[in-house]
Structures are given as C-alpha cells and as structure tokens.
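Structure, as structure tokens:
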Amino acid sequence: KAKVNRLTEILDSVVDQIRLSLSAKDAAREKALPLCREVIRHCSNAIRAVHRQEFDQARELLQPAYNLLKEAEQAVAAHEELHYAGFIRDAQKEFAEGSITLALVTGKQLPDPGELGIGSSAYLNGLGEAVGELRRYLLDSMRRGNLSRGEELLSAMDDIYSTLVTMDFPDAITDGLRRTTDMVRGVLERTRSDLTLVLSQKNLENRLKKFLSNEEG
C-alpha cells in the first residue's frame, strides 16, 4: 500500500508538471494564432494593392504584417515545436509571397530570407506562390494593352521555376515545395503561351497597319 501511495504521489507530481507545460503551450498557441491570421490578412491586402498598382499602400501593409509576425514568433519562442507549426509557417509564406510580389512587380531587388526574417522553406514556397501573382499582374497588363514588361515578368517567373526545381529535398524538409514547384511549372507554361499569342497578334496587327499605310500611300 505504501508503494501504491508513493506511485500515486509521483504520478500526481508528473501530471501536474505536464499540465503546467501544456497549459503554457496552449496559451502561447492561442496568442500566436490571431496574430498569424492578421499577418495573412495584411499580406492579402498588400497583394491586392499591388494589382491595383497602389505600391505605397502595399508597402504600408507589409510593415505591420512583419511586426505582427515577429510578435507571433516571440509568443511561441519558448516552445520550439510551435515555432515550426503550420500557422507560423503559413504566415511566413504569405509574408514572403507579398514581399516578393511587390519587389518583382516594381522592379526592386529580390529580398532574401534573412532580410524578411523567415525560414528557408517558407521563403521558397512564398517564392513559388508569387509566380501565380505575377501571372495575374501580367494578364491584367495585357488586358490593358500594356505589353512593355511582359517579357521581363515572364523571365522572372522562368528564373524562379528554374531555381525551385533544383531544390531536390524531401517534402518534410521543404514543407511541400514539390507541389508548389509543379504548380509553378503549369502557371509558367500557360503564361508563356498566353504572352506568345498576344505578342504574335500584336505583331500581325502592326504588319497589317504598315501594309495598309503603304497601300494608301
């Protein structure tokens, strides 16, 4: 009976410690989750601002997104497994996507992971997601009849894809980068086809106009 009582005391002590640890972890998670949601919301709004060509507003939205992301990371700093949780990685990826999209559309230097303060896998996946936003921006420009940066943006998309395919590591390390890379390949192929078609039509129109002008002359 004494041994049973002793075991009960030990179990009670162990469970109390576990309960305290899990409570602290849960509190950290509950604090970080809404912060990450705000990061994603700010980044989504920043990307929308980029497509409206409101670049200053996009920058203004990305700054609080960065601050909120750092706050979320600090909230889980004492719990290493939470630092690599999906909600933190998603927020990092969205911040990378927004920052990279803004940089490439405005012709600025591409920020690196250290500059953005995020992990490598989040950066690479954000880089891939940015390709989809470049396609959208390019298509919008084409609809407006502006083809001046078509080749430049397509080249940036091609460079990103060429980089991502070299990352031959398990998905457990890259957080599903292979799936993102497959998406980028499809986006790149469709965009190249769309741009080639529009440029060919534009070239044909210019030749026709020149021919008609010569005929009238």
Side-chain angles (χ1 to χ4, degrees), residues 40 43-56 58-59 61-62 65-66 89-207:
I40 292 172
C43 292
S44 296
N45 289 335
I47 290 173
R48 282 196 283 270
V50 169
H51 290 298
R52 294 193 301 267
Q53 297 186 329
E54 298 170 352
F55 303 128
D56 289 339
R59 293 187 186 93
L61 287 163
L62 286 171
Y66 174 82
R89 293 200 305 267
D90 287 345
Q92 290 182 341
K93 183 189 72 172
E94 291 293 325
F95 180 64
E97 179 184 353
S99 301
I100 291 168
T101 298
L102 176 61
L104 293 176
V105 166
T106 56
K108 303 297 183 182
Q109 182 173 330
L110 186 71
D112 61 34
E115 186 179 344
L116 298 180
I118 62 174
S120 300
S121 63
Y123 179 86
L124 291 172
N125 280 284
L127 190 63
E129 295 289 344
V131 170
E133 298 302 333
L134 291 182
R135 170 177 167 78
R136 178 183 166 192
Y137 187 86
L138 179 52
L139 291 178
D140 287 343
S141 298
M142 288 163 56
R143 292 188 189 99
R144 293 191 295 266
N146 180 8
L147 302 175
S148 60
R149 298 191 61 208
E151 294 286 355
E152 177 190 347
L153 292 177
L154 182 64
S155 177
M157 296 166 67
D158 199 3
D159 288 343
I160 291 172
Y161 174 69
S162 297
T163 298
L164 294 182
V165 294
T166 67
M167 297 295 165
D168 188 21
F169 299 98
D171 280 351
I173 294 177
T174 62
D175 196 25
L177 182 63
R178 188 173 288 108
R179 182 175 62 254
T180 300
T181 304
D182 289 341
M183 177 275 293
V184 170
R185 182 178 66 248
V187 169
L188 177 60
E189 290 172 352
R190 292 196 302 274
T191 306
R192 180 179 286 113
S193 177
D194 292 338
L195 182 60
T196 300
L197 179 60
V198 171
L199 290 175
S200 297
Q201 290 175 340
K202 187 69 173 178
N203 183 49
L204 182 60
E205 289 174 5
N206 291 336
R207 290 168 61 185

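Because the structure is predicted, anything quoted here is derived from the model rather than measured.
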What pairs with Arg192 under side chain to side chain contact (heavy atoms under 4.5 Å, CB included), at least two apart in sequence or on another chain?
-> Leu154, Asp158, Leu188, Thr196
Run the side-chain hydrogen bond (donor to acceptor under 3.5 Å, both in side chains) test against [X] and tell me which residues pass, sequence neighbours left out.
{"X": "Glu54", "answer": "Arg52"}
{"X": "Thr180", "answer": "Asn125"}
{"X": "Arg89", "answer": "Asp175"}
{"X": "Thr191", "answer": "Arg135"}

For residues [X] and [Y], report the shortest heavy-atom separation together with the two atoms involved.
{"X": "Ala58", "Y": "Ala46", "result": "CB-O, 3.5 Å"}
{"X": "Ser121", "Y": "Ile173", "result": "CB-O, 3.8 Å"}
{"X": "Ala96", "Y": "Ile118", "result": "CB-CD1, 3.4 Å"}
{"X": "Pro111", "Y": "Leu116", "result": "CB-CD2, 3.8 Å"}
{"X": "Gly128", "Y": "Met183", "result": "O-CE, 3.7 Å"}
{"X": "Asp171", "Y": "Leu177", "result": "OD1-N, 3.9 Å"}

What pairs meet the ring-ring contact (aromatic ring centres under 6.0 Å, His included) rule with one or both residues in residues 90-117, with sequence neighbours excluded?
-> Tyr66-Phe95
Residue pairs passing the ring-ring contact (aromatic ring centres under 6.0 Å, His included) test with at least one member in residues 122-168, sequence neighbours excluded, are none
Once rounded to the nearest 0.5 Å, what's the spacing between atom [atom1] of [X] and atom [atom2] of [Y]?
{"X": "Ser99", "Y": "Glu94", "atom1": "OG", "atom2": "CD", "result": "11.0 Å"}
{"X": "Lys93", "Y": "Ile100", "atom1": "NZ", "atom2": "CD1", "result": "12.0 Å"}
{"X": "Asp140", "Y": "Arg143", "atom1": "CG", "atom2": "CZ", "result": "5.5 Å"}
{"X": "Asp56", "Y": "Leu61", "atom1": "CG", "atom2": "CG", "result": "11.0 Å"}
{"X": "Asp194", "Y": "Leu138", "atom1": "CG", "atom2": "CG", "result": "8.5 Å"}
{"X": "Ser155", "Y": "Arg149", "atom1": "OG", "atom2": "CZ", "result": "11.5 Å"}

May I ask you to test the Leu164-Val131 pair for a side-chain heavy-atom distance under 4.5 Å?
-> no
With sequence neighbours excluded, tell me which residues meet salt bridge (charged side-chain N to carboxylate O under 4.0 Å, His left out) with [X].
{"X": "Asp159", "value": "none"}
{"X": "Asp90", "value": "none"}
{"X": "Arg179", "value": "none"}
{"X": "Glu133", "value": "Arg136"}

Please answer whether the main-chain N or O of [Y] pairs with a side-chain N or O of [X] as donor and acceptor at a distance below 3.5 Å.
{"X": "Thr101", "Y": "Glu97", "answer": "yes"}
{"X": "Ser44", "Y": "Ile40", "answer": "yes"}
{"X": "Thr166", "Y": "Thr163", "answer": "yes"}

What residue pairs, at least two apart or across chains, pass salt bridge (charged side-chain N to carboxylate O under 4.0 Å, His left out) with a residue in residues 101-116?
-> none
